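These notes are about the structure you will find just below.
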Amino acid sequence: MGTMSDDVEKRAIGKMMRRLIPFLILCYFVAYLDRVNVGFAKLHMNAALGLSEAAYGLGAGLFFIGYFFFEVPSNILLERFGARRWIARIMISWGIVSAAFAFIPQMSAASGLSSEWIFYFLRLLLGACEAGFFPGIIFYLTLWFPSVYRARVISLFMLAIPISSIIGAPISGLLLNLSGAGLTGWQWLFVCEALPSVLVGFAVLTFLPDFPRQASWLQPDEVKWIQTTLERERQQTEAVEHISVLQSLTDSRVLACAFVYFCLNAASYGVAFFLPTIIKAFGVTDTQTGLIAALPFVFGAVGMVLLGRHSDKTGERRYHVAGALTLAAVGIGLAGLVSNPVLIVALLCLAQIGVSAVPPMFWPMPAGILTGASAAAGIAAINSLGNLSGFAGPFAVGYLKDLTGSFTAGLLLLAVMGLIGALVTIRLRIDPVLERTAREPMMAH
């Protein structure tokens, strides 16, 4: 009987991995591309719209303010309308808003508002549209995969982040060379990279079933095994005491984790939104900028896999996360102090190894701090507070660039944030028994 059950489990998990995960990776790929492609558009957009570095940094960061305020309402609506329909709505709406950036000059002329304010509004709106996407995907996965499989599934899903930069950076560089129909390269960049989001959004409606019982490619015994396993886990979860997000905000351990995640995102987005500008200053073409900008993320993908595996193998998180944050801080800080282009790129590659490796190792840590359902509320708080640095990091870098005329001060600030995050990580009190035995992987973005 055990052998038969194992066979059903193996077949069901194998089919779901093949049918769902590649498509969900595609969804996250186009999402992340639309989130950060403004860094490439900036190479020509700033001059066209009359944006200063500080104004650009403020606008780039406003995405995360919209994301922060609308994440909870979006999640509530997701449960009401269903994950499949709501994820499709998110993707289609953000695709439309992303394409609208191409027409900021026309919108400014028609409305009488400055291009700067329209840029701010659209970045805020883009964040509001995308809010709930990552939690929505995670919620969708909980309807299919038992908890013991979710860590590896989410790790695969998150590989879309470096993949989107590895593939998207060269494409973005090439698109900057387009012109025609009254649009220049930076405008075509927004239009061409927004279209896949809309198309994939409509594909979600037809390609992703809401529940296993709706999947024609699953056998009845496979559906029964999935539903039985998930129902058993749900009953176990409901029996655990619950702590609200509001209560979790007063927990010092949750706040410490949120601060570590804040430091990571400050370094990550603070560099990502200005990386094309840093590289373009070497005197290379737009196409070459795209190719070079992809390099750090190639190293980042390797670092994510290798360091993540070593952390899983040893069962140790704190020092792995602290070490990766230190690596990121050293790379970013030194990149701001040297002037040789090759050395700068090499140091940014080193930094990206650390930046990319942190999330898969960081998110299991709350399992060693919180127990049961309280962990879900704690992680929601960590994710929401930590993502606010997506606003603070780019704004600080842009402001300091205008103030000093170089990226040195901004990069040094991000490096200091990384080091402080590493120190706080080391001081976290984690129960190794809880960390090893917690079956529910804790991941967010």
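Just so you know, these numbers come straight off a predicted model, no measurement behind them. All heavy atoms count here, side chains included; hydrogens, waters and symmetry mates do not.
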If we only count heavy atoms from C-beta on, is the F40 to L189 side-chain gap below 4.5 Å? yes
Could you give all pairs that pass the salt bridge (charged side-chain N to carboxylate O under 4.0 Å, His left out) test and reach residues 282-311, with sequence neighbours left out? K280-D286
Quick check: does any side chain N or O of S311 sit under 3.5 Å from a backbone N or O of E316, one acting as donor and the other as acceptor? yes
Quick check on ring-ring contact (aromatic ring centres under 6.0 Å, His included): which of F395, F274, Y399, Y120 does Y56 satisfy it with? F274
Does N177 form a side chain to side chain contact (heavy atoms under 4.5 Å, CB included) with W188? I'd like the steps, not just the answer. CA-CA 9 Å; N177 297 311; W188 277 114; over 6 Å; no
Decide yes or no for L412 and L337: does some side-chain heavy atom of the first lie under 4.5 Å from some side-chain heavy atom of the second? yes
Would you say that V204 contacts R84 through its side chain, given a criterion of any heavy-atom pair below 4.5 Å between the two side chains? yes
Residue pair F262, M417: steps toward the side chain to side chain contact (heavy atoms under 4.5 Å, CB included) verdict: CA-CA 9 Å; F262 184 96; M417 292 293 292; 3.7 Å; yes
What distance separates L26 CG from S164 OG, expressed to the nearest 0.5 Å? 11.5 Å
Are the side chains of L24 and L208 in contact, using a 4.5 Å heavy-atom criterion? yes
One should read off an interatomic distance between E116 CD and L58 CG, to the nearest 0.5 angstrom, of 8.0 Å
Here the pair of heavy atoms bringing C192 nearest to L178 is SG-CD1, 4.3 Å
Once rounded to the nearest 0.5 Å, what's the spacing between atom OH of Y140 and atom CG of L20? 5.0 Å
Just by distance, do the side chain of S389 and the backbone of A266 share a donor-acceptor pair under 3.5 Å? yes
With a 4.5 Å heavy-atom cut-off, do I420 and L325 have their side chains touching? no
Y269 side chain vs A60 backbone, donor-acceptor pair below 3.5 Å: no
Check whether any side-chain heavy atom of T184 lies under 4.5 Å from a side-chain heavy atom of H44, and answer yes or no. no
Just wondering, do S115 and L51 contact through their side chains at under 4.5 Å, heavy atoms? no
Is the number of heavy atoms from other residues, nucleotides or ligands within 6.0 Å of CZ (F70) greater than 12? no
What is the ring orientation for F133 with Y28, classed by angle as parallel under 30°, tilted 30 to 60°, or perpendicular over 60°? tilted
Quick one: does R123's side chain have a donor or acceptor within less than 3.5 Å of a partner on L62's backbone? no
Residues which pass salt bridge (Lys or Arg N to Asp or Glu O under 4.0 Å) with E53, listed by chain and number, not counting sequence neighbours: K42
E193 and S172 side chains, donor-acceptor separation under 3.5 Å: yes
S93 side chain to I90 backbone, donor-acceptor under 3.5 Å: yes
Please test L264 against F362 for side chain to side chain contact (heavy atoms under 4.5 Å, CB included), starting from the C-alpha separation and ending with a verdict. CA-CA 10 Å; L264 167 68; F362 170 82; 5.8 Å; no
Taking atom CZ as the centre, does F29 end up with more than 12 heavy-atom neighbours from other residues, nucleotides or ligands that are less than 6.0 angstrom away? yes
Going through the checks in order, is the side chain to side chain contact (heavy atoms under 4.5 Å, CB included) test met by F282 and I344? CA-CA 10 Å; F282 299 159; I344 290 173; 3.9 Å; yes
Looking only at heavy atoms, the pair that brings A301 and I166 closest together is CB-CD1, 4.3 Å
Candidate list Y67, F64, F68, test side chain to side chain contact (heavy atoms under 4.5 Å, CB included), partner L388, passing option: F68
Does W186 use its side chain to pair, donor to acceptor, with the backbone of L43 at less than 3.5 Å? no
Which pair of heavy atoms, one from S98 and one from N37, lies closest together, and at what distance? OG-ND2, 4.4 Å
Minimum heavy-atom separation for A131 to G66, with atom names? CB-O, 4.4 Å
Closest non-hydrogen atom pair between M304 and P162, with its separation: CE-CD, 4.1 Å
Please list all pairs meeting salt bridge (charged side-chain N to carboxylate O under 4.0 Å, His left out) that have one or both residues in residues 341-350, counting only residues at least two apart or in different chains. none
List the residues meeting side chain to side chain contact (heavy atoms under 4.5 Å, CB included) with I118, not counting sequence neighbours, and say none if there are none. I104, M107, S108, S111, L113, L122
Side-chain donor/acceptor pairs under 3.5 Å, residues 289-298, sequence neighbours excluded:
| from | atom 1 | to | atom 2 | distance (Å) |
| --- | --- | --- | --- | --- |
| T289 | OG1 | T285 | O | 2.8 |

Here the pair of heavy atoms bringing L428 nearest to C257 is CD1-SG, 4.1 Å
Indicate yes or no for a side-chain donor-acceptor contact from R318 to the backbone of I426 under 3.5 Å, with no hydrogens or angles considered. yes
Sorted by chain and residue number, the side-chain hydrogen bond (donor to acceptor under 3.5 Å, both in side chains) partners of S268 (sequence neighbours excluded) come out as none
Please check if the side chain of T326 supplies one atom and the backbone of A322 the other of a donor-acceptor pair under 3.5 Å. yes
Is the backbone N or O of C349 less than 3.5 Å from a side-chain atom of Q352, with the two atoms forming a donor-acceptor pair by type? no
Can you tell me how far OG1 of T425 sits from CZ of F259, rounded to the nearest 0.5 angstrom? 9.5 Å
If you measure from OG1 on T287 to CG on L175, what distance do you get to the nearest 0.5 Å? 9.5 Å
Are D210 and L143 close enough that some pair of their side-chain heavy atoms sits under 4.5 Å apart? no
Please report the interatomic distance CD(E130) to OG(S74), rounded to the nearest 0.5 Å. 10.0 Å
